[in-house]
Amino acid sequence: SNLTIAVDAGHGEPWNGARTTSGVKEQDLNKDMAEHLKKVLESKGAKVILTRPGTENVDMDQRKAAALEGGADILISIHCNAGGSPSAAKGTSTYYRHLSQRPLSVYILESILEMDVNNFGNIGNFNFSLNQPTEYLTVLVETLFLSSPEDSAKILDKRFRDEMMDRVAWGLEKFLASVPGSDAKFAVVFAAIGITFEESEFFVSEFRRTGAIDRTVLFSNLANDPAVERISTPRMALTAAEYLAFEKDMHVLVIMTDITNYAEALREVSAAKKEVPGRRGFPGYLYTDLAQMYERAGRQLGKKGSITLIPI
């Protein structure tokens with residue numbers, strides 16, 4: 001519940017996809033299964049987006065945009081397979097592009113395989129357009145082979161199609177239950193270090209668009225702010241992260257940009273203090289200074305929270 005799931009019915013007029021041995025269009029079967037999956041997911045409390053709500057084909061970029069703009073957490077694309085020898089090529093398969101998407105695809109495949117279907121495999125690094133986004137998890141489900149008389153007879157049975165989609169939802173539930181710390185609290189700490197106003201606004205607008213702004217702490221030092229503030233900004237950000245992680249038991253992602261601006265501010269302050277310069281005018285303790293910040297990431301013994309640091 002409380003998740004947003006994009007359900008994609010493959011193909012659409014005039015791109016009908018494959019056909020069963022009796023001539024039924026793949027796009028119609030995909031649409032029927034997508035609509036049933038939508039009902040099942042909504043009954044469990046999810047918000048569902050149909051990327052192809054009608055019979056007409058929708059461009060891949062529009063499908064991805066619908067998922068992204070709708071705030072999708074997961075996208076499930078429903079298709080039917082075809083090709084190869086009608087007697088040999090049959091069964092169900094799931095596909096993913098990025099390794100982080102594999103567990104979801106495996107859970108869904110294993111759930112469907114409890115039915116009377118062959119295992120056509122779980123395939124990774126698959127170059128399908130809807131598998132490419134990284135803003136949300138995606139999986140391509142190739143239900144059965146329409147070119148196989150055996151599979152074709154099964155997929156034409158409405159009850160069989162509905163059960164397949166029930167099992168897709170079941171696989172999704174099992175995947176979500178397996179996610180470590182699925183009940184954990186998360187926060188983002190963002191430190192802008194000497195960046196332009198336009199760059200800062202880009203990050204803030206992205207946080208707002210994705211909904212992350214509600215759990216984000218922002219520290220902003222812009223390009224026209226004093227250099228000494230640039231040095232203190234990442235330390236204040238890390239102090240806030242430590243409070244959230246080790247006092248409030250949250251998992252905190254700290255993003256710092258731009259570390260080059262931080263190093264140049266350190267050089268400027270070092271020169272003003274008339275310290276002996278090191279390589280390229282930077283102070284000799286530059287690497288030690290950076291290490292002192294980076295070592296504040298991680299976990300503490302006996303504490304539930306953690307800090308992940310991404311310096312850019």
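Atoms considered below: every heavy atom in the structure, side chains included; atoms not considered: hydrogens, waters and symmetry mates. Everything numeric in this text was worked out from a predicted model, so none of it was measured.
- Summarising the local packing, NZ of Lys174 is surrounded by more than 12 heavy atoms from other residues, nucleotides or ligands at distances under 6.0 Å.
- Heavy-atom neighbours of Ile312 CD1 from other residues, nucleotides or ligands within 6.0 Å: above the threshold of 12.
- Salt-bridge formation is not detected for the pair Asp28/Lys31: no Lys NZ or Arg NE/NH1/NH2 atom is positioned less than 4.0 Å from an Asp or Glu carboxylate oxygen.
- The minimum heavy-atom distance between Gly171 and Ser111, with the atom names listed, is N-OG, 3.7 Å.
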Trace of the side-chain contact (heavy atoms from CB on, under 4.5 Å) decision for Lys38 with Leu41:
CA-CA 5 Å; Lys38 177 177 182 290; Leu41 294 173; over 6 Å; no
Under the side-chain contact (heavy atoms from CB on, under 4.5 Å) criterion, do Lys154 and Leu144 qualify, and how do the steps go?
CA-CA 8 Å; Lys154 292 175 182 177; Leu144 289 173; 3.9 Å; yes
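- To the nearest 0.5 Å, atoms CG (Asp116) and CD (Glu150) are separated by 7.0 Å.
- Across all their heavy atoms, Arg63 and Ala9 have their closest contact at NH1-O, 2.9 Å.
- Taking every heavy atom of both residues into account, Asn127 and Arg97 meet most closely at OD1-NE, 4.1 Å.
- Between His98 and Phe126, the distance from one ring center to the other does not fall under 6.0 angstrom.
- A donor atom on one side chain and an acceptor atom on the other are found under 3.5 Å apart for Thr196 and Glu199.
- Here the side chains of Leu266 and Tyr262 are in contact, with some heavy-atom distance below 4.5 Å.
- Arg52 approaches Gln27 most closely through the heavy-atom pair NH2-O, 2.9 Å.
- The pair Arg235-Asp289 meets the salt-bridge criterion, with a side-chain N (NZ, NE, NH1 or NH2) lying under 4.0 Å from an Asp/Glu carboxylate O.
- When the shell of 6.0 Å around CZ of Arg296 is examined, it contains more than 12 heavy atoms from other residues, nucleotides or ligands.
- Salt bridge present: Arg167 and Glu163 bring a charged side-chain N and a carboxylate O closer than 4.0 Å.
- Ring pair His251/Phe186 is tilted by interplanar angle, where 30° to 60° counts as tilted.
- Counting heavy atoms from C-beta outward, Met60 and Leu130 have side chains that approach closer than 4.5 Å.
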For the pair Glu13 and Thr55, evaluate side chain to side chain donor-acceptor pair (under 3.5 Å) and give the outcome as yes or no after the intermediate values.
CA-CA 6 Å; Glu13 295 286 357; Thr55 58; over 6 Å; no
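- If you chain together hydrophobic residues whose side chains sit under 4.5 Å apart, Leu253 and Phe202 fall into the same group.
- Contact check for His79 versus His11: side-chain heavy atoms found under the 4.5 Å cut-off.
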Check step by step if side-chain contact (heavy atoms from CB on, under 4.5 Å) holds for Asn122 and Tyr96.
CA-CA 8 Å; Asn122 175 247; Tyr96 64 93; 3.3 Å; yes
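- Put simply, the side chain of Phe282 does not reach to within 4.5 Å of the side chain of Pro277, judged on heavy atoms.
- Ile49 places a side-chain heavy atom less than 4.5 Å from the side chain of Thr4.
- Between the side chains of Tyr95 and Ser93, at least one donor-acceptor pair of N or O atoms lies under 3.5 Å.
- Taken from OG1 in Thr143 to CG in Leu29, the straight-line distance is 7.5 Å, to the nearest 0.5 Å.
- In this structure the side chain of Ile78 reaches within 4.5 angstrom of the side chain of Met165, judged on heavy atoms.
- Around atom OH of Tyr243, no more than 12 heavy atoms belonging to other residues, nucleotides or ligands sit under 6.0 Å away.
- A 4.5 Å side-chain heavy-atom check between Trp170 and Tyr107 finds every atom pair outside the cut-off.
- A donor-acceptor pair is defined here as one N or O able to donate and one able to accept, closer than 3.5 Å; no such pair exists between the side chain of Asp8 and the backbone of Ser77.
- Residues Leu104 and Leu172 approach most closely at CD1-CD1, 3.8 Å, considering heavy atoms.
- At a threshold of 4.0 Å, the pair Glu173-Lys44 counts as salt-bridged, since one of the basic side-chain nitrogens sits closer than that to a carboxylate oxygen.
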As a quick check of understanding, evaluate side-chain contact (heavy atoms from CB on, under 4.5 Å) for Met33 and Ile155, giving each step before the final call.
CA-CA 10 Å; Met33 288 187 284; Ile155 202 73; 4.0 Å; yes
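- Surrounding CG of Asn224 are more than 12 heavy atoms belonging to other residues, nucleotides or ligands, all under 6.0 Å away.
- Using a cut-off of 4.0 Å between Lys/Arg side-chain N and Asp/Glu carboxylate O, Asp249 and Lys303 are scored as not salt-bridged.
- A pairwise comparison of heavy atoms in Phe246 and Gly305 identifies CE2-O, 3.9 Å as the closest pair.
- Heavy-atom neighbours of Lys158 NZ from other residues, nucleotides or ligands within 6.0 Å: above the threshold of 12.
- For the pair Asn30 and Cys80, the minimum side-chain heavy-atom distance is below 4.5 Å.
- In this pair, Phe207 and Phe190 present their aromatic rings perpendicular. The plane angle is above 60°, beyond the 30 to 60° band.
- Side chain of Asn118 to backbone of Phe120: no donor-acceptor contact under 3.5 angstrom is found.
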